[in-house]
Amino acid sequence: MAYVTVPKDLTKVKSKVALNLTKRQLVCFSMAAVVGVPLFFLIKGSVPQTAATFIMVLAMLPFFMFAMYEKHGQPLETILGNIIKVFFLTPKERPYRTENYYAVLGKQRKLNKEVTAIAKKSYQRQTAKAAHKGKDQTDTGRKKGDSHPHAAGKGGREKAHRTADNPL
C-alpha cells in the first residue's frame, strides 16, 4: 500500500505553480535562462565549448541561488541584507549602555529643587517689594500685612492660583 508523508509544520509547505516549482523559482530560473543562454551562444565561437558552458553556469549561478537557497525560512536576499547591515552599515564597536532609572529620578529631583528655589526667591522678592512700598494700597489693593495677591474675580477676593511667581 502506497503512502504519502505529510509534513508536521504546514507553514513550511509552499504552493507550486508549474513543473513542481514555486512562483519565485520560476521567475529566477527564467531570468537565469535569459542571461545564460545568449551568453553561451555569444562566447561559444571564441572559446572552447566546455569553457563556454562553464562560463554560462557561473553566470546563471546567482539566479539559482536566489531561487533555491533558504536558511531559517529567510530567502537569500534577506540574508545578504542582514550581512551587509552587520558588516558595513553598523559601527564596529557598540558600547553597552544602560538606562539607569535611578539617575533619571535623581536628575528630576535636582531640577525640582532648582525650580522650588527659584520660586521661593521670586516670592521673597515680591513680599520684599510690598514691604518697601509702605502703606500705598492704591496700586496693589492690598493691606500692609497681606502678602498674597488678589485673584481677578467678580467683586471680591478669590483663591489665588499657584504659579511659578506665586508658589503659595
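If you read the sequence from its start, that first residue is 1, and numbering goes on from there. Please read all numbers here as calculations on a predicted model, not as lab measurements.
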#### Entry: Verdict with reasoning, Phe40 to Gln49, per side chain to side chain contact (heavy atoms under 4.5 Å, CB included)
CA-CA 9 Å; Phe40 173 75; Gln49 190 169 357; 4.0 Å; yes
Hydrophobic cluster membership, [X] vs [Y], 4.5 Å side-chain cutoff:
X	Y	value
Leu39	Met60	no
Val47	Phe41	no
Leu76	Ile84	yes
Ile83	Phe88	yes
Met68	Met56	yes

If you take all heavy atoms of [X] and [Y], which pair is closest and at what distance?
X	Y	value
Gln74	Asn82	OE1-ND2, 3.9 Å
Ala67	Gln25	O-CG, 3.5 Å
Ala32	Phe64	CB-CE2, 4.1 Å
Leu80	Phe66	CD1-CZ, 4.1 Å

#### Entry: Evaluation steps, side chain to side chain contact (heavy atoms under 4.5 Å, CB included), between Val27 and Met31
CA-CA 6 Å; Val27 169; Met31 287 173 33; 4.0 Å; yes
#### Entry: Spacing of Thr78 atom OG1 and Glu70 atom CD [to the nearest 0.5 Å]
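So the gap between those two atoms works out to 9.0 Å.
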### Query
For Asn112, does its backbone N or O pair with a side-chain atom of Thr116 as donor and acceptor, under 3.5 Å?
yes
